[in-house]
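One structure below.
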Amino acid sequence: TGNREREGGARQATVSRRRRARGARGGVTRMLEAQREGKEIVTQLAAVSRARDKAGFSIVASGLRQCLLEPDGAQDLDVAELEKLFLSLA
């Protein structure tokens with residue numbers, strides 16, 4: 001059950017990151033509509049990007065952890081696919 005609890009906590013953290021990114025993205029739209037300064041908008045865009053990237057890496061890491069912790073999971077681990085997933089986030 002420890003692995004499931006840890007997985008549930010990681011999943012909830014990822015959901016929270018995605019929600020923060022969504023809120024920050026909405027903030028960018030409001031800033032553009034209000035004609036805020038470019039520097040402020042770029043700072044907000046960077047925050048959106050970081051939140052999205054962290055969520056993506058968290059999802060990949062969680063999948064890798066699950067593969068390694070489950071008895072037959074390592075047999076299903078496709079290194080090339082995992083590398084492709086990581087690189088898609090770059």
First locate atom CZ of Arg50, then atom CZ of Arg17, and finally report the distance between them rounded to the nearest 0.5 Å.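 Here the rounded value is 13.0 Å.
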When clusters are formed from ILVMFWY side-chain contacts under 4.5 Å, directly or step by step, what else is grouped with Leu87?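 So far as hydrophobic clustering goes, Leu87 is joined with none.
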Can you list every salt bridge (Lys or Arg N to Asp or Glu O under 4.0 Å) pair that touches residues 20-36, not counting sequence neighbours?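 Output for this query lists Arg36-Glu40.
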Only pairs under 3.5 Å count here: list side-chain donor-acceptor contacts from residues 42-49, not counting sequence neighbours, and write none if there are none.
| residue | atom | partner | partner atom | Å |
| --- | --- | --- | --- | --- |
| Thr43 | OG1 | Lys39 | O | 2.9 |
| Gln44 | NE2 | Ala24 | O | 3.4 |

Could you tabulate the donor-acceptor pairs under 3.5 Å formed by side-chain atoms of residues 52-59, not counting sequence neighbours?
| residue | atom | partner | partner atom | Å |
| --- | --- | --- | --- | --- |
| Ser58 | OG | Thr14 | OG1 | 2.8 |

